[in-house]
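Note sheet for the following structure.
Everything numeric here is computed off the predicted structure, so don't read it as measured data. Whatever order the structure lists ligands and atoms in, that order sets their numbers, starting from 1.
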Amino acid sequence: MADTAAARTPLMAGNWKMNINHVEAVHLVQKLSWTLQDKKHDFERVEVAVLPPFTDIRSVQTLVDGDRMKIKYGAQDVSKHDAGAYTGEISASMLAKLGCTYVLAGHSERRQYHNESDALVNAKATKALENGLVPIVCVGEGLDIRKAGEHVEYTLAQVDGALAGLKQDDVRKIVIAYEPVWAIGTGEVATPEDAQEVCAAIRGRLEETISPSVADSVRILYGGSVKMNSASGIMAQPDVDGCLVGGASLQVDEFAGICRYLDLQLGYSS
Ligand SMILES: O=C(CO)COP(=O)(O)O
């Protein structure tokens, strides 16, 4: 496959999960922005996004707009419905109105605690796209599947299910995040080679089932216990185009370090 990784702008996205209230969110985003500006971070070269809880998004929007920050933001989940009697749910159009760029679909914690199926993930990704949001479709295997050596086919089946029926031009816009469940919040990081194996297989599947040019455009992230010190090794892999960061995204210095992995690779660590 042609190596066009340079054409895919790396994305570092911080999934805050159920942490940080709206007051804390303002402080965190402000500090992240100052830290990155201080280090002259080039947002065109490495995109930075935060994915706060729903209740924080309006505050983050006000701050980002008011200070013309280049940090992007999004949500952690979205309803498959447009509107109506769905107590507790949040629609894609509501998120679009809040200026969200991204929304996660099918995070493993949603699949695990809310029984989300590939079909539901597909419906959520479809709604996101219809409303101009970029879905970050999450896939990845649990430990038992990894131990059985079935992680590649399991993950590819999730990709097939999540993208079923989407138009080529829509698939081109999406982001896929490979997050092996055994590496989430455990401190157990997949090796760069583990990440590359599955990310390359996902790209290969897109090439086969959608088209080579779509496969070359889609950004594929790795997620699972990514820290400042592990980010550059993971990012050196040709099919890994960014990281979906949980715990470390709550610590400004860690997350900023992950976003600046290129500088750290070059040794400008201060
Ligand atoms: O689930 C994750 C991001 O969505 C990964 O979380 P951790 O980085 O805390 O392992």
*Has A177 got any heavy atom lying under 4.0 angstrom from an atom of ligand 1?*
no
_For atom 2 (C) of ligand 1, which of the options E179, Q76, K227 provides the nearest non-hydrogen atom?_
E179
*Quick one: nearest non-hydrogen protein atom to atom 8 (O) of ligand 1, plus distance?*
G246 N, 2.9 Å
*Under a 4.0 Å heavy-atom limit, does S249 contact ligand 1 with its side chain, its backbone, both, or neither?*
neither
_Within ligand 1, which atoms have a heavy atom of A183 less than 4.0 Å away?_
10 (O)
*Would you say the side chains of Q196 and D239 form a donor-acceptor pair under 3.5 Å?*
yes
*asked:* Going by ring pair (Phe, Tyr, Trp, His ring centres under 6.0 Å), name the pairs with one or both residues in residues 57-108, residues two or more places apart or in two chains.
replied: H81-Y86
*Does G185 reach ligand 1, in the sense of a heavy atom lying below 4.0 Å from it?*
yes
*Just which atoms of ligand 1 are under 4.0 Å from any heavy atom in H107?*
1 (O), 2 (C), 3 (C), 4 (O)
*Taking only heavy atoms of G224, which atoms of ligand 1 are found under 4.0 Å from at least one of them?*
5 (C), 10 (O)
*Please identify each residue that fulfils ring-ring contact (aromatic ring centres under 6.0 Å, His included) with F54, with sequence neighbours left out.*
none
*atom 9 (O) of ligand 1 - nearest protein heavy atom and its distance*: G247 N, 2.8 Å
*SB check K147 D144 (cutoff 4.0 Å)*: no
_V137 with L221, same ILVMFWY side-chain cluster at under 4.5 Å_ = no
*E179/R111 ion pair, N-O < 4.0 Å*: no
*Report the part of I184 (side chain from C-beta onward, or backbone N, CA, C, O) that has a heavy atom under 4.0 Å from ligand 1; answer both or neither where that applies.*
both
*Below 4.0 angstrom from a heavy atom of N15, which ligand 1 atoms are there? Numbered from 1 as shown, please.*
3 (C), 4 (O)
*Are any of the heavy atoms in S225 under 4.0 Å away from ligand 1?*
yes
*Of the protein's non-hydrogen atoms, which lies at the shortest distance from atom 6 (O) of ligand 1, and what is that distance?*
K17 NZ, 3.2 Å
*What is the minimum heavy-atom distance between V181 and G142, and which atoms define it?*
CB-CA, 3.9 Å
*CZ on R172 to CG on D216, rounded to 0.5 Å*: 9.5 Å
*Do the non-hydrogen side-chain atoms of S249 and V50 ever get within less than 4.5 Å of each other?*
no
_Can you name the atoms of ligand 1, numbered from 1 with element, that are less than 4.0 Å from a heavy atom of L244?_
3 (C), 4 (O)
